[in-house]
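Right, I'll just put the structure down here and ask away after.
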Amino acid sequence: MIVVVNEQKVDVDERTTVAALLESLGYPDRGVAVAMDDAVLPRSNWTTTLFDGARLEVVTAVQGG
C-alpha cells in the first residue's frame with residue numbers, strides 16, 4: 001500500500017506502524033515530530049498501523065545558532 005511522507009510516496013506493508021516506518025526511513029529516535037492527516041500524532045500513538053493513502057509530515061529538530 002502507498003502512504004505519503006513529506007510529499008513522497010512510500011510503499012509499505014499493511015501491518016507497518018508509524019514507528020516502524022520512521023525507523024525504516026532512517027529518522028532518529030529523538031527530536032522527531034509527526035503529523036498524520038493534518039493532526040499531530042503523539043509519540044505514544046506511533047504504534048498506530050498505517051492505512052493506504054495516509055499522509056504524514058515528519059519534522060526533525062535542528063540545532064544551531
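Bear in mind that the values here come from a model prediction, so they are computed numbers and not experimental data.
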My understanding is that a hydrophobic cluster links ILVMFWY residues whose side chain heavy atoms are under 4.5 Å apart, including indirect links. Using that, what else belongs to the cluster containing V59?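 Besides V59, the cluster holds no residue at all.
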
Return the set of residues passing side-chain contact (heavy atoms from CB on, under 4.5 Å) with A20 (not counting sequence neighbours), or none when no residue passes.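 Only T16, T17 meet the side-chain contact (heavy atoms from CB on, under 4.5 Å) criterion with A20.
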
One pair to check against side-chain contact (heavy atoms from CB on, under 4.5 Å): L56 and V4. What are the steps and the verdict? CA-CA 6 Å; L56 289 92; V4 179; over 6 Å; no

Residue pairs fulfilling salt bridge (charged side-chain N to carboxylate O under 4.0 Å, His left out) with at least one residue in residues 7-16, sequence neighbours excluded: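 As it turns out, the salt bridge (charged side-chain N to carboxylate O under 4.0 Å, His left out) pairs with a partner in residues 7-16, which skip direct neighbours, are D13-R15.
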
Are V18 and N45 close enough that some pair of their side-chain heavy atoms sits under 4.5 Å apart?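 No; the side chains remain at least 4.5 Å from each other.
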
Taking L41's backbone N and O only, do any of them form a donor-acceptor pair with W46's side chain (distance below 3.5 Å, no angle check)?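 Yes, W46 side chain to L41 backbone: donor-acceptor pair under 3.5 Å.
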
Please go through V40's hydrophobic cluster and name the other residues, only I, L, V, M, F, W, Y counting, with side-chain heavy atoms under 4.5 Å joining them.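 Direct or chained contacts put V40 with none.
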
Within the structure provided, determine whether V3 and D52 are in side-chain contact (heavy-atom separation under 4.5 Å).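 No, their side chains stay 4.5 Å or more apart.
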
I need the full list of side chain to side chain donor-acceptor pair (under 3.5 Å) pairs touching residues 18-42, with sequence neighbours left out, sorted by first then second residue.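 Counting only pairs at least two positions apart or across chains, the side chain to side chain donor-acceptor pair (under 3.5 Å) contacts touching residues 18-42 are N6-Y27.
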
Under 6.0 Å from the CZ atom of R55, do we count more than 12 heavy atoms belonging to anything else shown?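 Counting neighbours around CZ of R55, 12 or fewer heavy atoms of other residues, nucleotides or ligands fall under 6.0 Å, so no.
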
Residue pair M1 / F51: nearest heavy atoms and the distance that separates them: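 It is SD-C, 3.7 Å.
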
Under a 4.5 Å cut-off applied to non-hydrogen side-chain atoms, are I2 and V10 in contact?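 No. Closest side-chain heavy atoms not under 4.5 Å.
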
Non-hydrogen atoms of R43 and G31 that approach each other most closely: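 In this case the closest contact between R43 and G31 is NH2-N, 4.4 Å.
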
Could you check whether any side-chain heavy atom of L50 comes within less than 4.5 Å of a side-chain heavy atom of T48, counting everything from C-beta outward?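 No, their side chains stay 4.5 Å or more apart.
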
